[in-house]
Enquirer: 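One structure is given below, represented as structure tokens, and several questions about it will come after.
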Amino acid sequence: MDHLMTVSNLKKSFKDHIVLKGISFEIRQGEVLCFLGPNGAGKSTTINILTAVLGSDEGEIRFKGDRISKKLRSYKQSIGIVPQDIALYEELSAESNLRFFASLYGLYGSRLSDAVEEALLFAGLQDRRKDKVKTFSGGMKRRLNIACAIAHHPELVIMDEPTVGIDPQSRNHILSSIKKLQNQGMTVIYTTHYMEEVEVISSRIIIMDHGTILAEGTKESLKEDIQNEKRYIIEVEENGTMEHDDFFSVEGVKSVKIDGNTFEITSLKGVENLDRIIALLSDHGEKIRNITSEAASLETVFLKLTGRKLRD
Amino acid sequence: MRRFITILKMDLVNLFKNPVLVGYNTVFAGLLILILGYLCGGDYSESKTAYQYYTVSLIVYGMLNGAMTASNCFMERDIKRANLRIIYSPVGSFCVYFSKMAASFLFNYVLHTLLLLVLCPLVHVSLGSNPVFFVVLMAPVELAASAFGIFFCCVFHCEETTSTLLSTVINLLCFLGGTFFSLDGMGSLMAFITKISPVRWLNEAFFTLSCDSSLRYFWPVFITALVLSALLTAGCKLCFRTEDYI
């Protein structure tokens, strides 16, 4: 696939706080690139720089080979942005909002009317077109928020956590809409901290934390690294004597995390060692309350890379 | 230009759909003039009635408060979020703040002119032998007030801070300028402060137009307000940063 955008060595600080520590990545034509990371990872700052609202301290962004700072207007014309907050005029109707925002991108007359119709269809709001936005549910507002960004048919759509705080039906509608956008040839950058969304829509994933890129690849390639591992979560009545090092006497154990009465044990997949771990716990007088076993998932990839859960 | 006009129209729609702003600039201002005029009754001074005094001085007060309309139009929380899309779009950043300035100017100018059209015949207030001068002089003052509000927003990046500061500054200047009642009888120091207050001179310009039909202060006020508007607009260009809108 061709590179639509190339980002090199992006750095940003706010006073003494370093938010981005020199990240580089590229965006390929027609893909859905998901940025995954907990709050404070630097996702929104990256997005704000990509939307040209925020300047970077260092680094370069090229869109179709040109530096965006050199061709800012044409770059802005080519992108659509879905901000994290609902960015709509609440006192106006869905149709008026769409007409206004689309006209800012140079659409007038029949082209504008067609674009508005398409966007209303996309958002599933044809029946509510004349209603004021303030009468809409959260999910409807979110859908309209996206429709306003794609009405002018941008080449690249940048979405910053567009599904925050909505019901499952609206979330599903939005996720299937993103797949539709991709099928129409649009490229999408999508930030989220919902792992399940990434599983559904991503072509490629960038995992960020503390202003750096920890890993990059397809969900399959990211999982591959830990395909040979499995994770046991063992809960005991009351942890008395067990320490990290005790577990490493069992063959195949790679890492151990102790959180109160819960042990998270990562082990090599081919080694059948659960019975020996249980025996070890019994020898130490621990009473097991619950055991679960997890296969490789994006959540485990993330946990391995960052040492914390996505929503910690 | 077409996109600027589109944004301007939307800003005007948002302002005229705001019942608080419309009410404040029409019903509230009108009632205040009527009540104060009635309470003070009779002649306020040798040359003007109480209605005359409060109509002119409270219209000047309303014009200055146009700065708050501008800050509301620019950075009021809900509007600001939607305005963020204008920043994302391929329009120059000049359009963003200048459209707000123009919209709040037009909004205030239209409403204050309408208020005068209703009030003047109702309470027999004269705007001078040729009221056109009075209405024309209102324009640069309204523009300067709007520019003042937008400039404050560009500097402080926040509607709440801007409104608090503007409200304090405007009310203080108006109080010291004798907008609500004359301070001339409150000692020589107050009389001196009143004399140097810019609002006093603004009032003076409109009073000489309405009571004496004199153009003595017309051009100085007209030109000063226009120059101030231009300077404040230039200041906005220097201070406005798109990231303040995030």
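Order of the sequence lines fixes the chain letters, A, B, ..., with proteins taken first and strands second; residue numbering starts at 1 for each chain.
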Enquirer: When heavy-atom pairs shorter than 4.5 Å are enumerated against chain A, which of B:V91, B:N14, B:I87, B:V13 gives the highest number?
Expert: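 Maximum pair count with chain A is reached by B:N14.
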
Enquirer: Let me know if A:Y89 has heavy atoms under 4.5 Å from chain B in its side chain, its backbone, both or neither.
Expert: both

Enquirer: Using a 4.5 angstrom heavy-atom cutoff, name the option from B:R241, B:K9, B:R3, B:K80 with the most pairs to chain A.
Expert: B:R3

Enquirer: Taking the six-membered ring for Trp, are B:F152 and B:F148 parallel (under 30°), tilted (30 to 60°) or perpendicular (over 60°)?
Expert: tilted

Enquirer: Can you run down the side chain to side chain donor-acceptor pair (under 3.5 Å) pairs that involve residues 5-15 of chain A, sequence neighbours left out, and say none if there aren't any?
Expert: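 As it turns out, there is no side chain to side chain donor-acceptor pair (under 3.5 Å) pair with a partner in residues 5-15 of chain A once direct neighbours are skipped.
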
Enquirer: Any salt bridge linking A:K132 with A:E90? Criterion: basic side-chain nitrogen under 4.0 Å from a carboxylate oxygen.
Expert: no

Enquirer: So which part of B:L84 gets closer than 4.5 Å to some heavy atom of chain A, the side chain, the backbone, both or neither?
Expert: side chain

Enquirer: Ion pair present between A:R129 and A:E117, side-chain N to carboxylate O less than 4.0 angstrom?
Expert: yes

Enquirer: Taking side-chain contact (heavy atoms from CB on, under 4.5 Å) as the criterion, tell me which of A:L181, A:I189, A:T192 meets it with A:M159.
Expert: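 The passing option is A:L181.
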
Enquirer: Applying side chain to side chain donor-acceptor pair (under 3.5 Å) between A:K64 and each of A:H3, A:Q29, A:E155, report the one that passes.
Expert: A:E155

Enquirer: To the nearest 0.5 Å, what is the distance between CG (B:L111) and CG (B:L116)?
Expert: 11.5 Å

Enquirer: Among residues 66-83 of chain A, which residues come closer than 4.5 Å to chain B, judged by heavy atom distances?
Expert: A:R73, A:K76, A:Q77, A:I81, A:P83

Enquirer: Pick one of side chain, backbone, both or neither for B:R2, based on which atoms fall under 4.5 Å of a heavy atom in chain A.
Expert: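 Both parts, backbone and side chain.
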
Enquirer: Please list, in residue-number order, every residue in residues 137-152 of chain A that has a heavy atom less than 4.5 Å from any heavy atom of chain B; write 'none' if there are none.
Expert: A:N145, A:C148, A:A149

Enquirer: Would you give the length of the straight line joining atom CG of B:L115 to atom SG of B:C120, rounded to the nearest 0.5 angstrom?
Expert: 8.5 Å

Enquirer: Checking heavy atoms, do the side chain of B:N83, its backbone, both or neither come under 4.5 Å from chain A?
Expert: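 B:N83 touches chain A through backbone and side-chain heavy atoms alike.
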
Enquirer: With sequence neighbours left out, which residue pairs that include part of residues 44-54 of chain A fulfil the side chain to side chain donor-acceptor pair (under 3.5 Å) condition?
Expert: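 Matches after skipping sequence neighbours: A:S44-A:Q84, A:S44-A:D160.
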
Enquirer: Please confirm whether the ring centroid of B:Y51 lies under 6.0 Å from the ring centroid of B:Y54.
Expert: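 That pair fails the under 6.0 Å test.
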
Enquirer: Test side chain to side chain contact (heavy atoms under 4.5 Å, CB included) on B:L34 and B:V123 and set out the steps.
Expert: CA-CA 8 Å; B:L34 290 176; B:V123 289; 3.5 Å; yes

Enquirer: Can you tell me how the ring of B:Y97 sits relative to the ring of B:F94, calling it parallel under 30°, perpendicular over 60° and tilted otherwise?
Expert: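 Because their plane-to-plane angle is over 60°, the rings of B:Y97 and B:F94 count as perpendicular.
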
